[in-house]
Amino acid sequence: MGTSLFKFMVFSALFVFICCQQNTNAEEDFVSSNSSHIRKLASGCNIFRGKWVYDASYPLYQASSCPFIDQQFNCQKFGRPDQSYLKYRWQPFSCNLPRFNALAFLEKMRGKKILFVGDSLSFNIWQSLSCMIHSAVPQVKYTIVQGYPHSEITFVDYGVKLLLYRTTYIVDIVNEQKGRILKLDSIKSGDAWLGMDVLVFNSWHWWVHTGRDQPWDYVQDGAHVYKDMNRLVAFYKGMTTWARWVNRNVNPSKTKVFFQGISPIHYEGKDWGEPSKSCAHETEPFFGVKYPAGTPMAAVVVNKVLNRIKVPTYLLDITLLSQYRKDAHPTVYSGGRNSLDCSHWCLPGLPDTWNQLLYTALVS
C-alpha cells in the first residue's frame, strides 16, 4: 500500500470515529435539526415518531389498478402469498396523519413539477406516488415517458409533472482512460434538476456496493485518485458536494428541497433481534419502540450535512419507521428474479407512507 493511500485510510478511520460516531442519543439527535421544518409543517407534531397499526381499509390502491408499477416491486403479481403487510398504517404518537387525497394534492400542485433524484429507491417512491394519484382519480388523463436517466408522468388535466432522474451517487461517474472514476466533488448532471418546484433527493444504497456490483474503478477527491476509501467518508464528501450544489443553484422562494432519509435493509435478523432470520418469510413489522440495530451511520452523516446546508432542506426522516418494516420487502417475489431482495419495497406498501409524509409536508 502506498504511503499516501495509507495516510488517507488512517484519516478516514479517524473521520468516522470523530465525526460520525453514534451515541446513545443518536436517534433523538438525528431528528432534532432540519426535520424540525417538517414538524412545523405538520402542526408541531413529530410525524416520524410513532407506531404501525393494523388498518383494514389499507392499502390505498391495488397493484392491478396501477399501470406504472415495475415488476420488481409488484409482489402480489409475482406470487407473494400473504397480504397482511399491505394493511399497516403509520400512526404518529402525538397526532394523526391526513389521509392522502389525490384531488387535493393535484389541486395544490397544479402546474408544478416534482422531481425525484436518486437511485432505485427514488424509482420506488416515484412509482408509489404515481399509483396513489392514478388509482384515486383514474379519470384524470396522464402521459408517461420512460427512459434513463429521465422519466416523467404528467397528469394532464392539472399540469402536474412527476419526474424521475436516476443517479446512483448524485455525484458523477466519469469514464476516463484510467477507468471509471467516481468524482466526489463534481455534479455535472445538475442542470437537469433546475426549474423544479419540488426536489426530493436520495442517496446511499450504492455507496456500499463492492466487487462486480460496484460501478466505478477509482474514486477521486479533488486532485487525488484512490483505488478505494472508507465508504462513509466518501458518502460524506459526496453529500457535501450535493449540499454545495443546492446552495448555489436552488432559490428557496421557488423550490422546496427534501432529502429522503436513509432506507434500511433487512438481510440480517440480528438487526431486529432475530439473528437466524432475514426478511424472507417476514409477515409482520417490528413492534418494539427501540430498534435493536440503532440509527444507521449513513443517517448520522446525512444529519451532519443537513446541519450545515444554507438553503432550507427538509428531511423526510423515513429511517426508523422503515426499519420497523422487515415485512415489506419483495423478498423472492420480484419479477422472476431468483435473488432475495431485502432492500427495495413492495408496491402497494411502505413507500406509500413515505409519500403520505411528503404529502403532509406539502399540503399542511
- Show the numbers, then the answer: is there a side chain to side chain contact (heavy atoms under 4.5 Å, CB included) between Leu350 and Leu321? CA-CA 9 Å; Leu350 176 65; Leu321 63 90; 4.0 Å; yes
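- In terms of heavy atoms, Asn74 sits closest to Ala63 at OD1-CB, 3.5 Å.
- Looking at Asp172, its side chain does come within 3.5 Å of a backbone N or O of Lys188 through a donor-acceptor pair.
- Within the 4.5 Å cutoff, the side chain of Tyr88 has heavy atoms near those of the Tyr54 side chain.
- A donor-acceptor contact shorter than 3.5 Å links the side chain of Asn247 to the backbone of Lys310.
- Between Pro98 and Thr360, the closest side-chain pair of non-hydrogen atoms falls below 4.5 Å.
- Across all their heavy atoms, Asn202 and Ile170 have their closest contact at O-CD1, 3.8 Å.
- Proximity of a side-chain donor or acceptor of Gln220 to a complementary backbone N or O of Gly222 within less than 3.5 Å is detected.
- Within the 3.5 Å criterion, the main-chain N or O of Trp206 finds a donor-acceptor partner in the side chain of Tyr169.
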- Does the pair Leu162 and Ile133 meet the rule for a side chain to side chain contact (heavy atoms under 4.5 Å, CB included), with working shown? CA-CA 11 Å; Leu162 304 184; Ile133 295 172; 3.9 Å; yes
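- Side-chain N or O atoms of Thr241 include none that pairs as donor or acceptor with a backbone N or O of Ser186 at under 3.5 Å.
- Considering CD of Gln127 and CD of Gln72, their distance stands at 7.5 Å, rounded to 0.5 Å.
- The closest donor-acceptor contact from the side chain of Gln323 to the backbone of Pro292 lies at 3.5 Å or more, if one exists at all.
- A perpendicular orientation is assigned to the rings of His134 and Tyr142, their planes being inclined by more than 60° (bins at 30° and 60°).
- Residues Trp242 and Ile187 approach most closely at CA-CD1, 3.6 Å, considering heavy atoms.
- Thr283 and Asp82 are not linked by any side-chain donor-acceptor pair at a separation below 3.5 angstrom, with hydrogens and angles left out of the test.
- For Tyr324 and Trp52, the ring centers are positioned 6.0 Å apart or more.
- Pairing each heavy atom of Leu115 with each of Ala192, the nearest pair is CD2-O, 4.1 Å.
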- Item | Candidate pair Ser322 and Ser263, rule side-chain hydrogen bond (donor to acceptor under 3.5 Å, both in side chains), full reasoning | CA-CA 7 Å; Ser322 302; Ser263 178; 5.4 Å; no
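- The backbone N or O of Cys45 lies less than 3.5 Å from no partner atom in the side chain of Ser94, so there is not a single donor-acceptor pair.
- Atom CD1 in Ile114 sits 13.0 Å away from atom CG in Leu164 (nearest 0.5 Å).
- Residue pairs meeting the side-chain hydrogen bond (donor to acceptor under 3.5 Å, both in side chains) criterion with at least one partner in residues 103-115, sequence neighbours excluded, are Glu107-Arg110.
- Taking CD of Gln91 as the reference point, atom NZ of Lys51 lies at 7.5 Å (rounded to 0.5 Å).
- Between Val250 and Thr313 the shortest side-chain heavy-atom distance does not fall below 4.5 Å.
- Using a 4.5 Å cut-off between side-chain heavy atoms of Ile, Leu, Val, Met, Phe, Trp and Tyr, with links allowed through other members, Val171 and Ile181 fall into different hydrophobic clusters.
- Using cut-offs of 30° and 60° on the angle between ring planes, the pair Trp354 and Trp345 is perpendicular.
- Here the CG-CD distance, from Leu60 to Gln356, works out to 6.5 Å after rounding to the nearest 0.5 Å.
- Residues His344 and Ser120 are in side-chain contact: their nearest non-hydrogen atoms beyond the backbone lie under 4.5 Å apart.
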- Could you walk me through whether Lys178 and Glu176 pass salt bridge (Lys or Arg N to Asp or Glu O under 4.0 Å), step by step? CA-CA 5 Å; Lys178 185 179 182 68; Glu176 297 184 356; over 6 Å; no
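- Separation of atoms NZ (Lys304) and OG1 (Thr240) is listed at 9.0 Å; rounding is to 0.5 Å.
- The shortest side-chain heavy-atom distance between Val198 and Met109 falls under the 4.5 Å cut-off.
- Residues Thr168 and His209 form no side-chain contact, since every pair of their non-hydrogen atoms from C-beta on lies 4.5 Å or further apart.
- Ring geometry for Trp245 against Trp193 counts as perpendicular: the plane angle is over 60°, on a 0 to 90° scale with 30° as the lower cut.
- Under the 4.5 Å side-chain criterion, counting only non-hydrogen atoms from C-beta, Trp126 is not in contact with Phe68.
- Geometric assessment of Lys227 against the ring of Tyr218 yields a positive cation-pi assignment under the 6.0 Å and 45° thresholds.
- For Gln139, the CD atom is densely surrounded, since the number of other residues' heavy atoms within 6.0 Å is greater than 12.
- Both Ile144 and Tyr158 are assigned to one and the same hydrophobic cluster, defined by single-linkage of ILVMFWY side chains at heavy-atom distances under 4.5 Å.
- Rounded to the nearest 0.5 angstrom, Asp271 CG and Ser278 OG are separated by 11.5 Å.
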- Hey, mind stepping through Asp191 and Leu194 against side chain to side chain contact (heavy atoms under 4.5 Å, CB included) and telling me if it holds? CA-CA 6 Å; Asp191 286 350; Leu194 300 176; 4.0 Å; yes
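- Asp213 contributes no side-chain N or O that, together with a main-chain N or O of Thr210, makes up a donor-acceptor pair within less than 3.5 Å.
- Nearest heavy atoms, Val137 versus Ala102: CG2-CB, 4.2 Å.
- In this structure the side chain of Phe201 never reaches within 4.5 angstrom of the side chain of Phe258, judged on heavy atoms.
- A donor-acceptor pair is defined here as one N or O able to donate and one able to accept, closer than 3.5 Å; no such pair exists between the side chain of Asp327 and the backbone of Glu282.
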- Starting from the C-alpha separation in whole Å, work towards a yes-or-no answer on side chain to side chain contact (heavy atoms under 4.5 Å, CB included) for Lys277 and Lys326. CA-CA 10 Å; Lys277 294 187 175 183; Lys326 56 187 173 63; over 6 Å; no
- Item | Residue pair Trp272, Phe286: steps toward the ring-ring contact (aromatic ring centres under 6.0 Å, His included) verdict | CA-CA 7 Å; Trp272 62 90; Phe286 173 83; 8.5 Å; no
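- Side-chain contact, Ser343 with Asp341: a donor N or O sits under 3.5 Å from an acceptor N or O.
- Using modelled atom types, one side-chain atom of Thr319 and one backbone atom of Ile262 make a donor-acceptor pair closer than 3.5 Å.
- A ring pair (Phe, Tyr, Trp, His ring centres under 6.0 Å) with Phe100 is found for one member of Tyr359, Tyr58, Tyr61 and no other, namely Tyr359.
- Note on Leu97: it does not cluster hydrophobically with Leu86, by side-chain heavy-atom contacts below 4.5 Å among ILVMFWY residues.
- Val332 and Tyr85 are assigned to two separate hydrophobic clusters, defined by single-linkage of ILVMFWY side chains at heavy-atom distances under 4.5 Å.
- Placement of Phe48 and Phe93 in two distinct hydrophobic clusters is found when ILVMFWY residues are connected by side-chain heavy-atom separations under 4.5 Å, directly or transitively.
- Across all non-hydrogen atoms, the minimal contact from Pro351 to Ile125 is CB-CA, 4.3 Å.
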